[in-house]
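Count residues from 1 along the sequence.
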Amino acid sequence: MSAASGTPPSSAADSDISALERIANARRASRARLQQDAPVMARTSGPVMPHTPEPVATVTLDKIGDFLELDFRRLFVWLRAGLVVACMLAVAGGVIGAAYGLLSKQRYTVTTEILINPANLQVVENDLYSQPGQVDSQILNARSKQRILTSGNVLARVVDELGLANDPEFYDPDRSASASGVGVSGTKSDPKLIAQKSLAERVSVSADETSFVTTLSVSAETSGKAILISQAMVKAFQEELAKAEAAGASRAAAALDGRLGQLKRDVQVAEEKVESYRRSHNLSSSNGQLVSSQTMTQLNSEIVEAQSRAIAAQASYDALVASGVNGANPDPTVSEALAVLRDKANGLRQQIDSQSMTFGPRHPTIVRLRTEFETVSSQLRSEFSRTVGTAKANLDRAKASLASLSAKMSDLKGNVFTDSESQVALRELERDAASKRAVYESFLSRARQITEREQIDTTNVQVISTAVPPKGRSWPPRTPLVAGMGAFAGFALGMLLAIAMGIVRDMRQPPNRSGIGVSRA
């Protein structure tokens, strides 16, 4: 370079200038060119002094800051230099994107909306599973059931039902062998497990925050296969919920059955104690009441009746004795024959009195009547004596019966008191036996109820929106969109390459000294 330019030739020290110094000098030259249109006093200031090479400076924080300082003019130069490469990369990216959109495996996604009610159907009263009451419990219950929707058991059911282990989309033997290789034991991985893992990557669930609705999304290469998998997953989900409830009921029934044996033995022992105590203390019972108590009650009734009979017999005897032979008949039931004879004797007496006023005492009629009256009087006295004897015997018999019953009552009272004291301990044994019997019967009934509960599906899961064929594929996006994204990515990559290449050039090439000299002038 000539001396007229004001820039002496590069010295050997310039070759030792670091890359950071070169970038900094280039940026100073750019700023000097921008300042060429400064005021006139800047141009007429002193004569231009020949530039001497600057000594090599050490790298400082200020120089690193100058290097990192963004120079938009240099950036524009770098981008303009790499514009052609960026356009070529944009075209290549668009072609590659279009090819990917046309040649890659398509995937279709279908959705199914499921209402997972946390409260099961109330089929039987006092069900085995309690109904969640609080909102937090309901949400946890619904989310737990939602987790079962994508569990391994449900996915395994779908793989077995649809035979996805034989579907190349979910299990490709060649790709799986190259990806997973051979196991430690020398055997390949299980196709069902690989298909299950592939299916898990193609399904997803999302929950609505304001309801108990869960959305199931399933992706497959065809919409028909996606719908089939979605239906199979919902069916397997319902079966898994029913199976889980049936398994819980089975465990509860088994636990109750295991406890029933001990409860039954306890009831038998308690009832045997009751019967043994009753036999040892002679506590016979009928209709839940001791026989001695029943006997005492019955004997008391008989004593009352015997007292009534004795009082009646005494009254009849006293009345009969007080009335005499020719007395009135206050009670004709005492002796009908006596009453008839009294009536006949009174009739004959009246006839004799009436005929005596007409005839004399020796008149045949009067004699006949007196003869009949004496005969009837003799019969009347005999009947009266017999009736009085009968009444006396009845009275004595009633008194004897009353005395006998009273004696029996006295003897029975002691036994009843003893039995009552023994019955206190007996009732305690009976209460113990009754409580154990009630627990045993309750467990027995509950075990039978839970056993039947295993056969009932009470899960409250409802599909409110079935899977339908989608309007378009879910992956890859539309071909024009993929091509546009590829072109944009290629152009952006070209711009980044242009900036990187510009930085590399500025770091390798020596700085523009003329620019620096002008700036210093």
Side-chain angles (χ1 to χ4, degrees), residues 264-325 327-342 381-442:
K264 183 178 180 181
R265 289 189 293 271
D266 293 343
V267 171
Q268 290 177 349
V269 170
E271 291 180 348
E272 288 176 358
K273 287 182 179 180
V274 171
E275 296 301 327
S276 176
Y277 186 85
R278 185 173 291 166
R279 284 194 302 269
S280 61
H281 292 77
N282 196 19
L283 299 176
S284 301
S285 62
S286 177
N287 297 326
Q289 188 178 6
L290 290 177
V291 174
S292 59
S293 299
Q294 293 180 355
T295 303
M296 187 174 181
T297 302
Q298 185 178 0
L299 186 59
N300 189 28
S301 300
E302 292 179 358
I303 289 175
V304 173
E305 293 177 359
Q307 289 176 348
S308 300
R309 288 195 301 270
I311 293 171
Q314 183 68 45
S316 178
Y317 175 75
D318 294 340
L320 186 61
V321 171
S323 65
V325 177
N329 297 321
D331 189 5
T333 60
V334 174
S335 176
E336 295 181 359
L338 180 62
V340 171
L341 289 175
R342 282 180 174 178
R381 286 190 294 271
S382 299
E383 183 63 25
F384 179 75
S385 298
R386 188 190 65 81
T387 302
V388 170
T390 302
K392 180 63 175 176
N394 291 336
L395 177 60
D396 295 339
R397 196 164 46 248
K399 290 182 178 180
S401 177
L402 179 59
S404 176
L405 291 175
S406 298
K408 288 183 179 180
M409 176 63 74
S410 299
D411 296 337
L412 188 59
K413 283 182 179 179
N415 296 332
V416 169
F417 291 151
T418 303
D419 292 345
S420 298
E421 292 178 357
S422 301
Q423 196 176 14
V424 174
L426 178 63
R427 281 196 292 267
E428 182 62 29
L429 294 176
E430 288 177 344
R431 282 193 293 268
D432 182 64
S435 62
K436 292 181 178 180
R437 188 185 309 110
V439 173
Y440 170 69
E441 292 175 354
S442 176

Can you name the closest pair of heavy atoms from A398 and A313 and give their distance? CB-CB, 4.4 Å
Backbone of D432 reached by a side-chain donor or acceptor of S435 within 3.5 Å: yes
Tell me, please, which residues at least two apart from E275 pass salt bridge (charged side-chain N to carboxylate O under 4.0 Å, His left out). R278
Atom OG1 in T297, atom CD in E302: separation rounded to 0.5 Å? 11.5 Å
Closest heavy-atom contact between V267 and Y440? CG2-CB, 3.7 Å
Charged N-O contact under 4.0 Å between R431 and E428: yes
Closest non-hydrogen atoms of A433 and V274, given as atom of the first, atom of the second and distance, are CB-CG2, 4.2 Å
If you round to the nearest 0.5 Å, how far is OG of S401 from CG of D396? 12.5 Å
Any donor-acceptor N/O pair, S404 side chain to A400 backbone, under 3.5 Å: no
Say you draw a straight line from NZ of K436 to CD of Q268; how long is it, rounded to the nearest 0.5 Å? 12.0 Å
Report yes or no: does S442 contribute a side-chain atom to a donor-acceptor pair with the main-chain N or O of A438 at less than 3.5 Å? no
Holding to side chain to side chain donor-acceptor pair (under 3.5 Å), I want the full list of residues that pass it with D318, two or more places apart in sequence or in another chain. Q314
Which atom of Q307 lies closest to which atom of L402, heavy atoms considered: CG-CD1, 3.1 Å
Between the OG1 atom in T390 and the CZ atom in R386, the distance rounded to the nearest 0.5 Å is 5.0 Å
List the atom of L299, the atom of L405, and the distance in Å for their closest heavy-atom pair. CD1-CD2, 3.4 Å
